[in-house]
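See structure below.
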Amino acid sequence: MASYKMSIIWVCSAVLLSGLVLTQDQAHWSTSEISHSCNWTCMLFTLQWPGSFCLIIDNKNICRIPQNIQEWTIHGLWPVKDHNCCPCWPIFHSHLQELEPELSQLWPSLIKTRSNFTFWKEEWFKHGTCAGCVENMGSPFLYFKTVLKLRQLFDVDNALANAGIKPSCNVSYKYDELHGALDPLLGDNFVLQCVKDDKEREAWVQLKIYVSKNVTLGCQMAEELESSRVTNTSYGHPCPTNTTIFYFPINHEHPKQPCT
Ligand SMILES: *[C@@H]1O[C@H](CO)[C@@H](O)[C@H](O)[C@H]1NC(C)=O
Ligand SMILES: *[C@@H]1O[C@H](CO)[C@@H](O)[C@H](O)[C@H]1NC(C)=O
Ligand SMILES: *[C@@H]1O[C@H](CO)[C@@H](O)[C@H](O)[C@H]1NC(C)=O
Ligand SMILES: *[C@@H]1O[C@H](CO)[C@@H](O)[C@H](O)[C@H]1NC(C)=O
Ligand SMILES: *[C@@H]1O[C@H](CO)[C@@H](O)[C@H](O)[C@H]1NC(C)=O
Ligand SMILES: *[C@@H]1O[C@H](CO)[C@@H](O)[C@H](O)[C@H]1NC(C)=O
């Protein structure tokens with residue numbers, strides 16, 4: 001194990017060093033290689049709601065919600081303001097063998113053309129390699145294990161049910177009702193993200209939970225998190241506070257039209 005870790009460190013440093021050596025003629029490559037210093041302090045633990053996930057996917061036929069998926073699923077655990085930290089840190093399917101049953105259930109790919117492992121691999125390279133500078137996320141296995149632990153800790157399905165928030169096509173909710181339902185579990189450490197359906201209705205699609213570098217709920221660095229409160233992304237926009245919001249049921253047959 002120790003020698004394995006050493007070899008990872010060695011491979012990474014080798015890439016960093018060659019990045020430095022190549023600076024003169026390949027600056028565009030090397031600067032992205034050497035700018036990572038584990039200086040982030042906050043993470044976003046992002047969950048997605050399968051009921052409206054397919055609304056954000058342009059291609060009509062590419063989405064699929066497997067029958068066994070009935071709850072909020074994981075999108076990822078993302079250090080804020082850093083990504084793609086180390087292309088030299090490989091992940092293999094066998095790394096996740098032990099976790100795979102749980103990962104498939106809680107962190108499935110909802111895109112037909114992307115396997116579950118491909119999704120995990122993409123998340124590892126984009127975000128995990130940055131989180132990997134912290135001890136309890138310091139390998140692909142540890143990173144994914146930590147994410148699964150967070151998912152269990154933040155049982156949002158249960159919190160919503162307790163507050164009487166049920167997926168529905170014909171009932172919508174006030175922002176404050178949705179936010180209030182999660183307050184007991186998450187305090188004020190989260191953002192709701194919405195997407196508009198083809199009838200211009202706001203549908204709740206994601207939940208971004210603030211987590212500190214030591215993987216506890218909440219993060220003090222307000223400025224790092226600010227953009228997550230306001231910025232539109234390809235996965236939607238912050239849910240508006242002045243209009244009602246739909247929490248669509250999961251429609252396995254017609255994932256792209258949950259309510260038509
Ligand atoms: C970390 O350092 C990089 C490069 O020095 C900088 O671009 C980035 O903004 C820093 N991130 C934080 C969260 O301070
Ligand atoms: C991917 O995850 C889904 C949802 O849990 C599951 O139904 C499917 O069998 C998994 N795919 C593979 C290839 O394991
Ligand atoms: C509301 O939708 C649910 C399914 O989401 C349905 O069972 C129920 O009959 C609907 N109620 C009304 C009043 O349309
Ligand atoms: C985790 O980090 C936060 C913010 O830096 C700190 O307030 C908290 O005490 C830490 N918790 C543990 C268990 O180390
Ligand atoms: C985000 O999107 C909403 C509508 O979807 C739009 O009204 C708003 O101006 C956008 N905000 C930014 C900062 O782009
Ligand atoms: C809600 O507020 C936003 C800007 O804060 C505005 O663009 C939008 O039209 C408002 N929507 C309603 C339904 O009042």
Side-chain angles (χ1 to χ4, degrees), residues 37-54 57 61-82 91-124 130-138 140-157 167 185-190 205-206 208-226 228 249-256 258:
S37 46
C38 207
N39 60 348
W40 51 271
T41 52
C42 298
M43 296 187 286
L44 293 173
F45 176 52
T46 303
L47 298 175
Q48 56 194 15
W49 176 240
S52 34
F53 171 79
C54 299
I57 306 298
N61 303 312
I62 209 177
C63 220
R64 176 190 51 199
I65 316 293
Q67 286 296 335
N68 59 315
I69 302 304
Q70 312 276 357
E71 299 194 318
W72 284 81
T73 61
I74 298 165
H75 187 170
L77 178 64
W78 311 331
V80 175
K81 294 202 170 153
D82 217 346
I91 179 171
F92 296 100
H93 205 150
S94 59
H95 288 155
L96 302 179
Q97 204 164 15
E98 191 185 312
L99 303 174
E100 181 150 8
E102 223 182 335
L103 285 173
S104 299
Q105 183 62 41
L106 299 173
W107 199 342
S109 165
L110 304 177
I111 306 281
K112 270 185 208 164
T113 50
R114 179 176 65 183
S115 73
N116 296 334
F117 178 66
T118 303
F119 184 25
W120 305 331
K121 192 166 74 178
E122 285 167 5
E123 288 291 316
W124 165 254
C130 300
C133 64
V134 174
E135 185 174 9
N136 54 8
M137 296 181 282
F141 176 82
L142 290 173
Y143 173 72
F144 284 90
K145 197 173 148 93
T146 293
V147 178
L148 288 174
K149 253 195 222 155
L150 278 179
R151 177 66 185 85
Q152 268 134 19
L153 200 56
F154 302 139
D155 188 349
V156 297
D157 301 273
L185 182 65
L186 301 174
D188 191 29
N189 303 297
F190 65 94
V205 66
Q206 285 210 129
K208 293 184 174 177
I209 303 171
Y210 300 159
V211 175
S212 295
K213 200 171 195 167
N214 60 14
V215 204
T216 57
L217 175 64
C219 197
Q220 306 305 311
M221 294 291 287
E223 59 274 25
E224 273 193 36
L225 298 168
E226 191 46 40
S228 65
I250 298 175
N251 186 330
H252 296 96
E253 285 68 44
H254 306 287
K256 187 105 174 113

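Along the sequence shown, residues carry numbers from 1. Whatever order the structure lists ligands and atoms in, that order sets their numbers, starting from 1.
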Any protein heavy atom at under 4.0 Å, with atom 13 (C) of ligand 2 as the reference point?
no

Counting only heavy atoms not in Glu223, do more than 12 fall under 6.0 Å of its CD?
yes

Looking at Asn68, which atoms of ligand 2 are within less than 4.0 Å of one of its heavy atoms?
4 (C), 5 (O), 7 (O)

Considering only non-hydrogen protein atoms, determine which one is nearest to atom 8 (C) of ligand 2 and report residue, atom name and distance to 0.1 Å.
Asn116 ND2, 3.8 Å

Hey, what do you get for Cys38 versus Cys130: SG atoms under 2.5 Å apart or not?
no

Could you tell me whether Thr216 and ligand 4 have an N or O pair separated by under 3.5 Å?
no

Check the surroundings of atom NZ in Lys256: do more than 12 heavy atoms from other residues, nucleotides or ligands lie under 6.0 Å from it?
yes

The atoms of ligand 4 lying under 4.0 Å from a heavy atom of Asn214, numbered in the order shown, are 1 (C), 2 (O), 3 (C), 8 (C), 10 (C), 11 (N), 12 (C), 14 (O)

With the threshold set strictly below 4.0 angstrom, can you tell me whether any protein non-hydrogen atom sits that near atom 5 (O) of ligand 4?
no

From CA spacing to verdict: ring pair (Phe, Tyr, Trp, His ring centres under 6.0 Å), Phe154, Trp72
CA-CA 11 Å; Phe154 302 139; Trp72 284 81; over 10 Å; no

Give the ring-plane orientation class for Trp120 versus His93, where under 30° counts as parallel, over 60° as perpendicular and anything between as tilted.
perpendicular

With nothing but distance in play, are any N or O atoms of Glu100 less than 3.5 Å from an N or O of ligand 2?
no

Side chains of Glu123 and Trp78: do they bring a donor and an acceptor to under 3.5 Å?
yes

Heavy-atom pair with the smallest gap, counting every atom of Ile69 and His252
O-NE2, 2.9 Å

Hey, is atom 2 (O) of ligand 4 touched by any protein heavy atom at less than 4.0 Å?
yes

Only heavy atoms of Pro66, strictly under 4.0 Å: list the atoms of ligand 2 that pass.
3 (C), 4 (C), 7 (O)

